[in-house]
Amino acid sequence: MADTKREIERKYESDESGLPDLTGVAGVAAVIDKGVAHLDATYYDTEDERLAASSVTLRRRTGGSDEGWHLKFPVAPGVRDEIQAPLSGIVPGSFTGLVRSRVRDAELLPLVRLRSDRDVRHLVDADGLLLAEVSLDTVRAERLGTGKSAEWTEIEVELADGGDPAFLDTVDKRLRKAGVRPSKAASKLARALAETAPKKKRPKERTPEAPVTAGDHVLAYLRTQRDAIVALDPAVRRDVEDSVHSMRVATRRMRSTFKSFPKILDREATDPIADELKWLAGELGVARDREVLHQRLSAALDEVPPALVSGPVAERLNRWAGERPGKASGHLIGILDSHRYLALLDALDGVLTDPPLLKAAGKNPGKVLGKAVRKDFGKVSALVEQALELDPGTDRDTTIHDARKKTKRTRYAAEAAKPALGASAKSLIKTMKALQNLLGEHQDSVMARQTLRELSAVAHAAGESAFTYGLLYGREEQRATAVEAELPGFWAGNKDATDAL
């Protein structure tokens, strides 16, 4: 079983003068010499360095207290999540899954070997608790199969597990005062790749220029969503909190963008991709929707006085929701490992590399994007007006749900247009988010009542009282009625939300 830890560290350039004196750093009671460790690490990547391009590192390391396989994902500058697995001769199967969204079908190869002599010091407080580990690393890098090598010395400061990141600022001040400067390379691997690169210049990932045309803005937004899907894939596999929801939202944003800007991107090319995004969102939603509904009904049940809870309601609700095993379901991992999913990722790459742009894509973004956003908002307006004219019931519920879906599309379109339209788009995003939440509360109530009817029928058939289910049903009706009462006033104040576009 792989273990995960949050790694917070800073790296510094160093010469041969060794570690500066850190005994006077605030909060440090002692600097303990832990000796020299000899580390030998082989880094794996695809031939075209796809992992390195995403700042992901995969290595097999011997020596030190944590020898084994290490897989690191970037979280923020100087912060990475490190997943560890026991030492073995091949890349752990769990790791190949976690990098699949980036690697796809390419082979993982040993590219770089780093051998380091690590002179370690522990900074401890007055109680002997570890604050940070500081090391002076003498590094010898070799690009395998080429004979190219490099050597350097660096200082690494890693915060102790659960430590206060502000402590690293304190150490940083002392190091800078001693003439030490932050490393220009983000990691040892990044420096090794740069310093052992073949004479022929390695192709670098092209950084997109600032959006200029309408097409530039739409592609920039799509690229952000594509990157989110790829980056969230390993988090979904590890069942990181909110990762499934976030990945599902990214798929919806991409699909919605294809539909909102048909004058910019040819829908003959994007519709098949949108269909696959809908499929993926649906698969991601299988467990997510039930989880959200279970949380809602459980919270509502907690508010019911014990004297009014008749029968094993909580137990039946939990059985309906199913057990959460603490990791992504086998079905969902199967989806992420499927050829269909990987083909979708390739298709997303393709539409960004060679986008099917139409004539309007080259025009002024303010005019083109503004028109598209207003068109989407017009659909929201028509549905909200229709809902307000309907009597309470199934038809109104359906129309409100349709209005919610169009509200999300308008919000996402405004997000794509925000860099071009500025404050007016920002204001519309805020309005659409509020409307989406309002209408979403209504839809959640509709789904909750449907579930309560089903659970009530099952309980009745088992000879249990259905009283509490009816009580909860009535409270959900009241929540929906409150939304329907609030909607006219909200809409009256926001139906002209696109006038400034």
Side-chain angles (χ1 to χ4, degrees), residues 214 217-218 221-222 225 248-249 251-265 267 270-271 274 277-278 281 358 360 363-447 479-501:
H217 284 279
V218 171
Y221 187 73
L222 289 172
Q225 308 317 316
R248 192 182 185 193
V249 169
T251 65
R252 286 173 166 173
R253 281 187 163 116
M254 287 202 83
R255 179 168 171 257
S256 180
T257 301
F258 288 146
K259 292 186 175 182
S260 291
F261 301 104
K263 300 291 186 182
I264 293 175
L265 291 169
R267 286 193 57 173
T270 62
D271 276 356
L277 287 167
K278 182 179 181 180
L358 299 175
K363 294 184 179 180
N364 180 280
K367 183 177 180 180
V368 175
L369 300 181
K371 183 177 180 180
V373 173
R374 287 192 297 272
K375 184 176 180 180
D376 276 348
F377 182 81
K379 296 176 182 178
V380 174
S381 180
L383 286 167
V384 172
E385 297 285 357
Q386 180 183 344
L388 293 176
E389 294 175 0
L390 293 170
D391 293 328
T394 302
D395 288 345
R396 174 181 265 197
D397 291 345
T398 300
T399 305
I400 288 177
H401 182 45
D402 289 341
R404 177 176 177 250
K405 289 189 288 187
K406 291 296 188 293
T407 298
K408 285 194 288 187
R409 181 185 298 181
T410 304
R411 174 186 169 189
Y412 300 153
E415 287 175 353
K418 179 183 171 184
L421 301 181
S424 58
K426 183 178 180 180
S427 176
L428 180 61
I429 293 168
K430 183 178 179 180
T431 300
M432 291 296 95
K433 185 175 182 179
L435 179 59
Q436 178 184 328
N437 290 338
L438 184 63
L439 301 182
E441 170 65 17
H442 186 277
Q443 177 62 14
D444 288 347
S445 173
V446 171
M447 298 306 296
R479 295 173 77 170
T481 299
V483 171
E484 292 177 8
E486 184 180 350
L487 183 57
F490 179 92
W491 186 246
N494 292 284
K495 63 183 179 180
D496 299 322
T498 57
D499 283 359
L501 290 178

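- Judged as a salt bridge (Lys or Arg N to Asp or Glu O under 4.0 Å), not a single pair has a partner in residues 492-501 (not counting sequence neighbours).
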request  = List the steps, then state whether side-chain contact (heavy atoms from CB on, under 4.5 Å) holds for Leu438 with Val483.
outcome  = CA-CA 7 Å; Leu438 184 63; Val483 171; 3.9 Å; yes
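- Remark: Asp397 pairs with His442, Val446, Glu484 by the side chain to side chain contact (heavy atoms under 4.5 Å, CB included) rule, at least two apart or across chains.
- Remark: Glu486 engages no residue in a salt bridge (Lys or Arg N to Asp or Glu O under 4.0 Å) (not counting sequence neighbours).
- Scanning for side-chain hydrogen bond (donor to acceptor under 3.5 Å, both in side chains) contacts around Gln436 gives Arg411, with sequence neighbours left out.
- Scanning both residues, Ala485 and Pro488, for their nearest heavy atoms gives O-CD, 3.4 Å.
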Show me the side-chain donor-acceptor pairs of residues 370-395 shorter than 3.5 Å, one per line, residues at least two apart or across chains.
residue	atom	partner	partner atom	Å
Arg374	NH1	Leu501	O	3.3
Asp376	OD2	Ser260	OG	2.6
Glu385	OE2	Trp491	NE1	3.0

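- Residues passing the side-chain hydrogen bond (donor to acceptor under 3.5 Å, both in side chains) test with Arg248, sequence neighbours excluded: Asp289.
- Around atom NZ of Lys408, more than 12 heavy atoms belonging to other residues, nucleotides or ligands sit under 6.0 Å away.
- For Arg409, the salt bridge (Lys or Arg N to Asp or Glu O under 4.0 Å) test picks out no residue, with sequence neighbours left out.
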task = Evaluate the side-chain contact (heavy atoms from CB on, under 4.5 Å) criterion for residues Ile264 and Val368: first the C-alpha distance (whole Å), next the side-chain angles of each, then the deciding distance (0.1 Å), finally the verdict.
result = CA-CA 9 Å; Ile264 293 175; Val368 175; 3.9 Å; yes
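- For Lys405, the salt bridge (Lys or Arg N to Asp or Glu O under 4.0 Å) partners are Asp402, not counting sequence neighbours.
- The side-chain hydrogen bond (donor to acceptor under 3.5 Å, both in side chains) search around Arg255 returns none, not counting sequence neighbours.
- Applying the side-chain hydrogen bond (donor to acceptor under 3.5 Å, both in side chains) test to Asp271 and every residue at least two apart in sequence or in another chain returns Arg267.
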Under 3.5 Å, sequence neighbours excluded: what are the donor-acceptor pairs made by side chains of residues 419-432?
residue	atom	partner	partner atom	Å
Ser424	OG	Leu421	O	3.1
Thr431	OG1	Ser427	O	3.1

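- The ring pair (Phe, Tyr, Trp, His ring centres under 6.0 Å) analysis of residues 393-422, with sequence neighbours excluded, yields no pairs.
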